[in-house]
Student: 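Shown below is the structure under consideration.
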2 protein chains.
Amino acid sequence: MESNEMGKRIPNALMMTRGHESGNRFPADSYDCNNRMLLKMPETVALNEELSVTASTLSEVAKLAGVSPATASRVLNGSARTPAPEIAERVRQAADTLGYIANAQAQALAKSSTGLIGLIVHDIADPYFSAIAQGVQAAARQERRMVLLATTNGTPAEEKEAVAAFAARRAESIVIAGSRSTRSEDARANTELAAELDRYCRNGGRVGVVGQAILGVGETDSYRTIAVPNERLAQDLARELARTHKGPFAIVAGPEGLTTSDERVMGFQRGLSDAGQPAADVVHVAFNRNGGFDAGIELAWRIKASGQSAPEQRLCIFATNDVMAIGVAAALRDQGLRVPHDASLAGFDDIEWLRDFRPALSTVSLPLEEIGRLATIATLSDDDGGPAAVAGSVTLRRSTSSP
Amino acid sequence: MESNEMGKRIPNALMMTRGHESGNRFPADSYDCNNRMLLKMPETVALNEELSVTASTLSEVAKLAGVSPATASRVLNGSARTPAPEIAERVRQAADTLGYIANAQAQALAKSSTGLIGLIVHDIADPYFSAIAQGVQAAARQERRMVLLATTNGTPAEEKEAVAAFAARRAESIVIAGSRSTRSEDARANTELAAELDRYCRNGGRVGVVGQAILGVGETDSYRTIAVPNERLAQDLARELARTHKGPFAIVAGPEGLTTSDERVMGFQRGLSDAGQPAADVVHVAFNRNGGFDAGIELAWRIKASGQSAPEQRLCIFATNDVMAIGVAAALRDQGLRVPHDASLAGFDDIEWLRDFRPALSTVSLPLEEIGRLATIATLSDDDGGPAAVAGSVTLRRSTSSP
DNA sequence: TGTCTCATGGAAAGCGCTTACCAGATGGGA
DNA sequence: TCCCATCTGGTAAGCGCTTTCCATGAGACA
């Protein structure tokens, strides 16, 4: 036994509970409007040295109410059988008095169902992920679940660890957001991740993946992916841009092997090709703001070298996500170049917090919060309404308008 | 028993485990470098109809290893007593073979310690909170804890519910971020929140609050607040601005009664007064981007009405957080006004994602991630190094430079 | 060789709940 | 009036672990 943990039993901790008459701070029984047990603050007094007292248990409540634990359980924690109203009332009173809060761990153990949802993201501070997290949280709340959070910096190894941790906690489902990687150095970790997920699923867990499927995990019905049509949308974007932009294109991409980035690059190139344009140069950098900045510096050089001549020479830069695009913009500005005057710039994601940037960023809008919500619901519901997919749309703004 | 939950026992689900020789996908025992149990994928086959099999238990591992559950527990899940190396090895092998993952719920129940940290924020999609969440997550990982996330929209009523839910899950500590409210309509919910926290603490939980103390909760050593010197920093900011800005000031604040906003307003006014300037007008709006936008429209009107005359008439606007400042900037731009040409603008928080905005926003830098980390550590460590506080600093950028 | 002390593995008692099953009561129909 | 179906509360057996306590065996020392 450790010393000062939550729920620690303190032997012989006598616990006296004064009744409501003794200066209860609460204004009577007025707000037990929801059907949750009314959790009033018990004014407890420990009679021995120990100040800390123990959370009261179901049996204590039962004893105080003069019923069996079974009955107490039935009235307090929802069951098919409902004890007589008079008894139920007594139990509820007792629970009130003792300030009873059911021990979710014990319930989980007994019912084998924890009400936990695991969420895995690369970086919770990244607005892309925090928007998704928002959706997951909303769905979880709606389904009366709690969310466990894990951040992994995008490495499959840490993702695997997170899955194992969630499995240990017997999370009912896991939502994984963030690009996959097909890089060879991640191959082994990916395999392990897939194995871990597979085991998790076989033990009854459900998994929802945002974006692309995780390699090596079979598509069972306990494993869903919310497909984001990165490729098609990037293609649309390219076609749309090619309609007005006549100069060359460049792509600022994440590291090769980062699936999301790769998909967007491929789609964009195809869109250009559809429009009869030559393929764009691709610069590979880190898939974040600073990566974008680095690429921006590089591109600024090229632009300046090209003499910023005719409008047909103007470069159109597609950054494979908004945050990178912001980095690119910062770098261009840093180099004395202006968007869209000296170059057009487009991003991807349509991050809400970036909408007030100027020049307003052309991008592909993705319903991120909705994606989080869908992924969560998908792992919770039984109807496998086929592979869920989300819609996105090209959003043209000033950053790609003609100068 | 419900039907398809994680950990559901399937009666008589015979489970056969093939050994490593049978086509194990893993490249031998090469990466059990950390002292965690090596979790290899068991190639299990259910012999009856049921496809889903149950996670294996400690007893199964013990049986397979030919030892008692006690011994298995001692070798697998860290204990003071370490069984003989030869036995330990056998147990570890068995665990490997079965793909054993300890049931954290059961452990929690037995040890009364869950390894859970609860995090309560207003809105996880808000970069202010997601930055703090990042810090909490980092600290939690370092301390080998998992974080449970709850978002509350800033209402004390939902915060109270979150605390109750965390208490039910026996989270070892709770970190609460986000401004308090002293509005009268929140008074009752605040009291209830305080009572809930109080009970939680008395049951051995620790609480860390970012910003200001929660009213009505006694400052015990199980309850810490990470003080953010909003008032002093706002005062510094005002003094700093007053040094160069000679025109009038205006404050864009959150709703009256929102403590963080109130503190920043007070500090700013005091700073102005220190500098011999008259107090600023205060506009109260929602404490978010759109609130800032609304205020910005209003202020744009005033600016235009004043005829944008002499530099001594130029307005300096202090928005009580960065996100509001961005809203103000958007509104001014919308109304054809330019920052800093037609008005100066400053924010508070120095949100990382907003640093690429132009004009660059003068603000007060706060180490948000560090704050999250500190709050978390504070609730976990025993040394009560006194009331922890964080430093911040005034950061002047273009948005308040002379036109 | 005998006694005492350690070291070590196992038995068993929980941790706080849920729920299958049981026994007693109740009521309705024959 | 009797029997059976039904309802209701209680009993007890888990859920999967940890940990105390005990029994056994091995050394240590005289």
Side-chain angles (χ1 to χ4, degrees), chain A residues 1-3 5-11 54-63 65-88 90-91 95 98 100-115 167-170 203-204, chain B residues 1-3 5-11 54-63 65-88 90-91 95 98 100-115 167-170 203-204:
Chain A
M1 278 275 176
E2 314 201 2
S3 66
E5 302 294 357
M6 181 76 191
K8 167 83 164 59
R9 296 243 113 217
I10 289 150
T54 283
S56 50
T57 70
L58 225 215
S59 326
E60 288 168 14
V61 171
K63 193 172 300 171
V67 300
S68 75
T71 302
S73 168
R74 293 200 260 255
V75 15
L76 293 178
N77 307 321
S79 142
R81 293 180 49 178
T82 325
E86 184 252 347
I87 292 196
R90 234 171 45 228
V91 171
L98 296 180
Y100 172 74
I101 297 191
N103 183 327
Q105 319 283 339
Q107 290 183 309
L109 195 53
K111 293 201 290 199
S112 21
S113 106
T114 59
R169 298 232 126 81
R170 301 300 190 263
N203 284 341
Chain B
M1 282 275 180
E2 314 201 358
S3 65
E5 301 295 359
M6 183 74 191
K8 166 84 163 61
R9 293 243 115 219
I10 288 149
T54 285
S56 51
T57 69
L58 224 215
S59 327
E60 289 168 14
V61 172
K63 193 172 300 168
V67 300
S68 76
T71 302
S73 168
R74 292 199 261 255
V75 18
L76 294 178
N77 307 321
S79 142
R81 292 180 48 178
T82 325
E86 184 253 347
I87 291 198
R90 234 173 44 229
V91 172
L98 295 180
Y100 172 73
I101 297 189
N103 183 326
Q105 318 284 338
Q107 290 184 306
L109 195 54
K111 294 201 289 200
S112 15
S113 106
T114 59
R169 298 229 126 84
R170 301 300 189 262
N203 285 340

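Order of the sequence lines fixes the chain letters, A, B, ..., with proteins taken first and strands second; residue numbering starts at 1 for each chain.
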Student: Closest-nucleotide mapping onto DNA chain D: is B:Thr71 or B:Ala106 further toward the 5' terminus? I mean the 5' end.
Tutor: B:Ala106
Student: Could you pull out the closest heavy-atom pair between A:Ala108 and A:Thr114, with the gap in Å?
Tutor: CB-CG2, 3.8 Å
Student: Could you tell me the separation between the CG atom of B:Asn103 and the P atom of C:dC17, rounded to a whole number of Å?
Tutor: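 After rounding, the gap between these two atoms is 17 Å.
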Student: Rounded to whole Å, please give me the gap between CD in B:Glu60 and P in D:dC15.
Tutor: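 After rounding, the gap between these two atoms is 10 Å.
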Student: Base, sugar-phosphate, or nothing: which does A:Ala108 touch, judged by heavy atoms less than 4.0 Å apart?
Tutor: nothing
Student: Would you tell me if any nitrogen or oxygen in the side chain of A:Ser73 comes within less than 4.0 Å of OP1 or OP2 on C:dT18?
Tutor: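 Yes.
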Student: From the options C:dG9, D:dG9, C:dC15, select the nucleotide whose nearest atom is closest to the side chain of B:Pro83.
Tutor: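 My answer, after comparing the listed nucleotides, is C:dG9.
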Student: Write down the distance between CG (B:Leu58) and P (C:dG9), rounded to a whole number of angstrom.
Tutor: 16 Å
Student: Quick one: do A:Val91 and A:Val61 satisfy side chain to side chain contact (heavy atoms under 4.5 Å, CB included)? Show the steps, please.
Tutor: CA-CA 7 Å; A:Val91 171; A:Val61 171; 4.2 Å; yes
Student: Enumerate the protein-to-nucleotides 21-24 of chain D contacts in which both atoms are nitrogen or oxygen and the separation is below 3.5 Å.
Tutor:
| unit_1 | atom_1 | unit_2 | atom_2 | d |
| --- | --- | --- | --- | --- |
| D:dC21 | N4 | B:Arg81 | NH1 | 3.3 |

Student: Let me know the distance between CZ of A:Arg170 and P of D:dG16, rounded to the nearest Å.
Tutor: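 A:Arg170 atom CZ is separated from D:dG16 atom P by 8 Å.
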Student: Closest nucleotide of DNA chain C for B:Pro69 versus for A:Ala72: which of these residues is on the 5' side?
Tutor: B:Pro69
Student: Measure the distance from CD on A:Glu86 to C1' on D:dG9 and round it to the nearest whole Å.
Tutor: 13 Å
Student: When you measure from the side-chain N and O atoms of B:Ser112 to the phosphate of C:dC15, is any distance below 4.0 Å, counting only OP1 and OP2?
Tutor: no
Student: To the nearest angstrom, how far is A:Leu76 atom CG from C:dG16 atom P?
Tutor: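 In whole Å, C:dG16 P lies 16 Å from A:Leu76 CG.
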Student: Please report, rounded to the nearest Å, how far the C1' atom of C:dC15 is from the CD atom of A:Gln107.
Tutor: 14 Å
Student: Measuring to OP1 and OP2 of C:dG10, would you say a side-chain N or O of B:Ser68 lies under 4.0 angstrom away?
Tutor: yes
Student: How far apart are the closest heavy atoms of B:Arg169 and A:Gln105, and which atoms are they?
Tutor: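 So the two residues come closest at O-NE2, 2.5 Å.
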Student: Using whole Å, report how far CD1 of A:Ile87 lies from P of C:dA25.
Tutor: 15 Å
Student: Do A:Ile101 and B:Arg170 have side chains that approach each other closer than 4.5 Å (heavy atoms only, starting at C-beta)?
Tutor: yes
Student: Taking all non-hydrogen atoms of both residues, which atom of B:Tyr100 and which atom of B:Thr57 are closest, and how far apart?
Tutor: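 Looks like CE1-C, 3.5 Å.
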Student: Look at B:Asn77 and D:dC17 and indicate whether a side-chain polar atom (N or O) is within less than 4.0 Å of OP1 or OP2.
Tutor: no
Student: Could you give the distance from OG1 (A:Thr82) to CD1 (A:Ile87), rounded to the nearest 0.5 Å?
Tutor: 12.0 Å
Student: Can you work out whether A:Leu109 or B:Val67 has the more 5'-proximal nearest nucleotide on DNA chain C?
Tutor: B:Val67
Student: Considering non-hydrogen atoms only, spot the tightest contact between A:Val75 and A:Ala88 and give its length.
Tutor: CG2-O, 3.8 Å
